[in-house]
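Remember, it's a predicted structure, so these values are computed and weren't measured experimentally.
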Amino acid sequence: MDYKPLDKEFYNTDTLTLARMLLGNIIVNHTPQGFTAGMIVETEAYLQNDPACHAFRGKTKRNAVMFGPAGHAYVYFVYGNHYCFNIVGNKEGIGEAVLIRALEPLDGLELMFRRRRKADKITDLTNGPGKLAEAMAIGREHNGLPLIEGSLFVARGWSFPSSAIVCAPRIGIKKATEKEWRYYLQGNPFVSKTYHTRGG
DNA sequence: CAAGAGATTCTC
DNA sequence: AGAATCTCTTGC
């Protein structure tokens, strides 16, 4: 309950390392309705020199925040329905970010259930990027905001040994699918659904 | 200005 | 397996 934001230095690392270090830490969002919190259990890294990255072809209006300072929120809208919440990595001028793919709910579960009317189990609240954005009420108003202060922030949680962290190919993309830049806590029931690889 | 793609979710 | 549904980006 006593959540304090991680400081700026936490984000002073390369984006692949940041994606692993974020696992076990806690996303907190305060709203007029109440607050919600969840532990990060699954992330994906998107690098500048990476065809799957929004910033691969340079800065645009949409991805501009990715080129800003690390530790800020990059929130974008996809498929006409969902928001995806990312944490900007690397230095200013380099367009990289970590997608938060799944959380383990810690606080404000009742509020999460109200926001996610389709969910009837705890494991359906935040086990996917669009789902957790809805449960945590993260939207376009958070795009570009620093996560070291304010109503939406990342708090220190737990650290896990690297033996508990699984690397795997990223989900839902068509380019650079060979990169294993998806990280999750092994055996955690809130990790988003894993898809079978088609033949091989 | 039109078309297409898209870091998803839900339902059939 | 396919629909829903919006915004940005790109191409003509």
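For the pair A:Arg170 and A:Tyr46, the distance from NZ or CZ to the six-membered ring centre is under 6.0 Å and the angle to the ring normal is within 45 degrees. Under the 6.0 Å distance and 45° angle rule, A:Arg140 does not count as a cation-pi partner of A:Tyr83.
In this model, no donor atom of one side chain and acceptor atom of the other lie less than 3.5 Å apart for A:Asn12 and A:Lys8. For the 3.5 Å distance criterion, the side chains of A:Tyr3 and A:Asp107 qualify, holding a donor opposite an acceptor. No donor-acceptor contact under 3.5 angstrom links the side chains of A:Asn90 and A:Gln48, judged on distance only.
For B:dA7, its base sits under 3.5 Å from the side chain of A:Tyr76 at one donor and acceptor pair at least.
Between A:Arg140 and A:Asn81, the residue anchored nearer the 5' end of DNA chain C, judged by the nucleotide with its closest heavy atom, is A:Asn81. Across the interface with DNA chain C, nearest-nucleotide mapping of A:Phe77 and A:Arg57 shows A:Phe77 to be the residue nearer the 5′ end. Each of A:Glu44 and A:Asp124 was matched to the nucleotide of DNA chain B holding its nearest heavy atom; the match closer to the 5' end belongs to A:Glu44.
Among the atoms of the strands shown, only primed sugar atoms or phosphate atoms (P, OP1, OP2) are found under 4.0 Å from some heavy atom of A:Arg116. Using a 4.0 Å heavy-atom distance criterion, A:Arg62 is classed as a sugar-phosphate-only contact. Note on A:Ala97: nothing from the nucleic acid sits closer than 4.0 angstrom, heavy atoms only.
When the side-chain nitrogen and oxygen atoms of A:Lys118 are compared with OP1 and OP2 of B:dT9, none of them lie within a distance under 4.0 Å. Note on A:Lys131: a side-chain N or O is less than 4.0 Å away from OP1 or OP2 of B:dC10. Using a 4.0 Å cut-off, some side-chain N or O of A:Thr60 falls inside it from OP1 or OP2 of C:dT9.
Put simply, A:Tyr79 does not rest on the base of C:dA4: the two rings are not both less than 5.5 Å apart at their centres and under 30° in tilt.
Look at CD1 on A:Ile100: it is 12 Å from C1' on B:dA7, rounded to the nearest Å. A straight line from CZ of A:Arg170 to P of B:dG6 spans 13 Å, rounded to a whole angstrom. Straight-line distance from the NZ atom of A:Lys121 to the P atom of B:dC10: 10 Å, rounded to whole Å. Taking atom CE of residue A:Met66 and atom P of nucleotide B:dA7, one finds them 10 Å apart after rounding to whole Å. Distance A:Asn127 CG to B:dC10 P: 8 Å, rounded to the nearest Å. Taking atom CD on A:Gln48 and atom C1' on B:dA7, their separation rounds to 16 Å, with Å as the unit. Rounded to an integer number of Å, the gap from A:Ile87 CD1 to B:dA7 C1' is 15 Å. Per the geometry, OH belonging to A:Tyr83 stands 10 Å off C1' belonging to C:dT7, to the nearest Å.
Taking the charged nitrogens against the carboxylate oxygens, A:Arg115 and A:Glu134 have no contact shorter than 4.0 Å, which rules out a salt bridge.
Looking at the side chain of A:Lys175, the nearest of the listed nucleotides B:dA7, B:dG6, B:dC10 is B:dG6. With B:dA7, B:dG6, B:dT8 as the candidates, the nucleotide lying closest to the side chain of A:His82 is B:dT8.
With both pairing distances under 3.5 Å, C:dA3 is matched to B:dT9 as a Watson-Crick or G-U wobble pair.
The separation of B:dA2 from C:dT5, taken at their P atoms, amounts to 22 Å, rounded to a whole angstrom.
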